[in-house]
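Let me begin by presenting the structure, written as structure tokens, before commenting on it.
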Number of protein chains: 2
Amino acid sequence: MTLETGHRSAPASEQELLQRAAAVAGQSLAELAAMLAVQTPADLDHNKGWGGQLLETWLGASAGSQPTPDFPELGIELKTLPVDTAGRPLESTYVCTVDLQPAPGGWHDSLVWLKLQKVLWLPLVTAKNAPPGERRIGSALLWSPTAEQADILQQDWEELMELVSAGELEHISSRQGQYLQIRPKAANSRALTRSFDSDGNASLTLPRGFYLRPAFTRQILQHHFH
Amino acid sequence: MTLETGHRSAPASEQELLQRAAAVAGQSLAELAAMLAVQTPADLDHNKGWGGQLLETWLGASAGSQPTPDFPELGIELKTLPVDTAGRPLESTYVCTVDLQPAPGGWHDSLVWLKLQKVLWLPLVTAKNAPPGERRIGSALLWSPTAEQADILQQDWEELMELVSAGELEHISSRQGQYLQIRPKAANSRALTRSFDSDGNASLTLPRGFYLRPAFTRQILQHHFH
DNA sequence: CAGGATCCACGTGTGGATCCTA
DNA sequence: TAGGATCCACACGTGGATCCTG
């Protein structure tokens, strides 16, 4: 394995992407950070995305924050997934921002579907109270939803977007959705973004994001590694 | 409706049983207790089975505590089910005692299967902190497991009984089993009953029972009352 | 502002314990 | 001791809040 620093070219194929992931499987994030000449923080309190961005760099994901999959040419989205020592996901997984002034369009036009069609799940094994550097990179899983999973994701998305489109944002609860939920996605609870109410009038509300529930990502990992 | 006291003859048919159940649907347990000339306790702390036994009396279930369905001629087991005001089961449901020195025999010979083949679920609507007399009798549901439900119950039973038969009782956790679990069923944690260990030697352990998880009975009621 | 995510207080669920009757 | 069940402390899950980077 060659030690490289700085940015890296995008992988040319699924195979190359999987090889890059396999090359660091078993390593700690501190080891990967050293290879990339990046500092390892003592905690994630003020840098929650550190692990994900470290692996984006290593794997050669497109820089920047664009509403597209991380590897546009491959149609693959990268998601790191904090798991406990038994391999069970510990947190929900952010998918994308909810468009609160949505253009017309169905599930198959949605950003959620675009991003979830093919995902490279990269477990980060996180022991209790362990610092970020001690997290270990697990075996990557290149996943696409089964027909059943896609059906339920679509149902969830349609149920939620129906309310968004009707301006019923205040009637959306994080408890809705079997696999997919809508939760706040903002700097803080005072942040505001443009939306509209049920009368069609412009208004301002807390920005929201789509998230996958832990129960769903647990199912995905169990299904493949059990 | 005739007011009757004391014991009642067993119902001669499913239809008669369902009619007796329908006759008290909507009533409070205090009203039923008055009809049966039974005292209503102020709480259930020292009489947890009061509601169940009241309805056994009203419906004409066989007296006594025998390891058979409550209506042997009809092959029907009666289960009262405490539910919240939204109709969601609040507690697990006791099925029967676990035989800790089991005779050989499969799922279809088991007491669990015998009792669960046909169950009359009788919801008892229980508002928060409401006394026993204020519980209201709901609409009865005569249920038999679907093929899928029966499959999972069988899987659970086989997984659990394999451990019991191997004397691995101490390795059984209440967390095992998707629908069916094994939990203590005793006067207290010092109670002991005969069993044997993994070396085949006689020993004494806490008596256990089979229980249905609330998630399962919620599924049953939802499926029928949607 | 979109994407990279985690933090943590608090409500819900339930595993273990328990009680009465026949 | 089998059957009728419920009680309740506490672990666990998660909904709402939050933080950094490009």
Side-chain angles (χ1 to χ4, degrees), chain A residues 41 43-57 61-68 70 77-82 90-99 111 115 124 126 132 173-175 181-191 193-194 206-209 211 213-215, chain B residues 41 43-57 61-68 70 77-82 90-99 111 115 124 126 132 173-175 181-191 193-194 206-209 211 213-215:
Chain A
D43 61 62
L44 294 181
D45 288 8
H46 297 277
N47 209 349
K48 299 179 178 179
W50 177 74
Q53 286 161 352
L54 200 62
L55 278 146
E56 283 191 346
T57 301
S62 312
S65 62
Q66 302 152 68
T68 65
D70 296 289
E77 174 75 11
L78 171 67
K79 286 293 173 201
T80 58
L81 198 50
L90 294 167
E91 292 283 353
S92 57
T93 301
Y94 169 69
V95 180
C96 60
T97 300
V98 178
D99 185 351
L111 187 51
K115 288 202 168 192
L124 295 183
T126 306
S173 160
S174 306
R175 291 162 183 80
Q181 66 177 170
I182 287 183
R183 296 230 304 284
K185 177 71 167 86
N188 57 63
S189 59
R190 275 88 59 205
T193 194
R194 291 173 197 282
L206 187 60
R208 319 296 170 96
Y211 294 82
R213 294 183 178 280
Chain B
D43 61 61
L44 294 180
D45 289 8
H46 298 277
N47 207 351
K48 300 180 179 181
W50 178 73
Q53 285 160 353
L54 200 61
L55 278 147
E56 281 191 348
T57 301
S62 312
S65 64
Q66 302 152 66
T68 65
D70 297 290
E77 175 73 12
L78 171 68
K79 288 293 173 200
T80 58
L81 197 50
L90 294 167
E91 292 283 352
S92 57
T93 302
Y94 169 68
V95 180
C96 62
T97 300
V98 179
D99 184 351
L111 187 50
K115 289 202 166 192
L124 296 183
T126 307
S173 160
S174 306
R175 291 162 183 82
Q181 64 177 171
I182 287 183
R183 297 229 304 283
K185 179 69 167 87
N188 57 63
S189 60
R190 276 88 60 205
T193 194
R194 291 173 197 283
L206 186 60
R208 318 295 170 96
Y211 293 82
R213 295 183 178 279

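So that the names make sense, note that chain A is the first sequence line, chain B the second, and so on, each numbered from 1.
- Scored by the salt bridge (charged side-chain N to carboxylate O under 4.0 Å, His left out) test, B:Lys79 finds B:Glu77 as partners (sequence neighbours excluded).
- At whole-Å resolution of the value, NZ in B:Lys185 and P in C:dG16 are 16 Å apart.
- A:Leu111 comes within 4.0 angstrom of the backbone, heavy atoms only, and of no base.
- Between the base of C:dG4 and the side chain of A:Lys79 there is no donor-acceptor pair shorter than 3.5 Å.
- Put simply, NZ on A:Lys115 is 6 Å from C1' on C:dG3, counting in whole angstrom units.
- A residue-by-residue look at A:Trp50 and A:Thr193 shows that A:Thr193 has its nearest nucleotide of DNA chain C further toward the 5' end.
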- Item | Candidate pair A:Leu55 and A:Leu124, rule side chain to side chain contact (heavy atoms under 4.5 Å, CB included), full reasoning | CA-CA 10 Å; A:Leu55 278 146; A:Leu124 295 183; 3.8 Å; yes

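- With sequence neighbours excluded, the residues that form a side-chain contact (heavy atoms from CB on, under 4.5 Å) with A:Leu111 are A:Pro67, A:Cys96, A:Leu114, A:Lys115.
- Atom-to-atom distance recorded for B:Asp43:CG and B:Lys48:NZ is 10.5 Å, nearest 0.5 angstrom.
- Here A:Gly52 lies in heavy-atom contact (under 4.0 Å) with sugar-phosphate atoms only.
- Looking at every heavy atom in both residues, B:Pro184 comes nearest to B:Tyr211 through O-OH, 3.1 Å.
- Using a 4.0 Å heavy-atom cutoff across all strands shown, B:Pro67 reaches sugar-phosphate atoms only and no base atom.
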Identify the pairs formed between an N or O of the protein and an N or O of nucleotides 7-9 of chain C at a distance under 3.5 Å, and give each distance.
residue: C:dC7; atom: N4; partner: A:Glu91; partner atom: OE1; Å: 3.2

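- A donor-acceptor contact shorter than 3.5 Å links the side chain of B:Ser62 to the backbone of B:Asp70.
- Counting any heavy atom pair closer than 4.0 Å across all strands shown, A:Arg190 reaches sugar-phosphate atoms only and no base atom.
- Nearest-nucleotide mapping onto DNA chain D: of B:Glu77 and A:Gln181, the residue sitting toward the 5' end is B:Glu77.
- Between A:His46 and A:Ser173, the residue anchored nearer the 5' end of DNA chain D, judged by the nucleotide with its closest heavy atom, is A:Ser173.
- Residue contacts for B:Ala191: at a heavy-atom cut-off of 4.0 Å it reaches no nucleic acid atom on any strand shown.
- Evaluation of the side-chain contact (heavy atoms from CB on, under 4.5 Å) rule for B:Arg213 yields B:Gln181 as partners, not counting sequence neighbours.
- Rounded to whole angstrom, the span from the CD atom of A:Gln53 across to the P atom of C:dA2 amounts to 17 Å.
- In this structure, A:Arg175 places its CZ atom 10 Å from P of C:dG11, rounding to the nearest Å.
- On a pure distance criterion of 3.5 Å, no polar donor-acceptor pair joins the side chain of B:Tyr94 and the base of D:dA2.
- When heavy atoms are screened at a 4.0 angstrom cut-off, A:Ala215 is found touching no nucleic acid atom at all.
- With axes fitted over five pairs at each extremity, the angle between the ends of the helix from C:dC1-D:dG22 to C:dA22-D:dT1 is 30° (10° resolution).
- At least one donor-acceptor pair closer than 3.5 Å links the side chain of A:Tyr94 to the backbone N or O of A:Thr97.
- Atom pair A:Leu206:CG and C:dC1:C1' shows a separation of 14 Å (rounding to whole Å applied).
- Looking at heavy-atom distances under 4.0 Å, A:Pro82 makes contact with sugar-phosphate atoms alone, never a base.
- When distances are taken from the side chain of A:Thr97 to each of D:dC20, D:dG4, C:dG3, the shortest belongs to C:dG3.
- For B:Asn188, the side-chain contact (heavy atoms from CB on, under 4.5 Å) criterion is met by B:Arg190, B:Ala191, not counting sequence neighbours.
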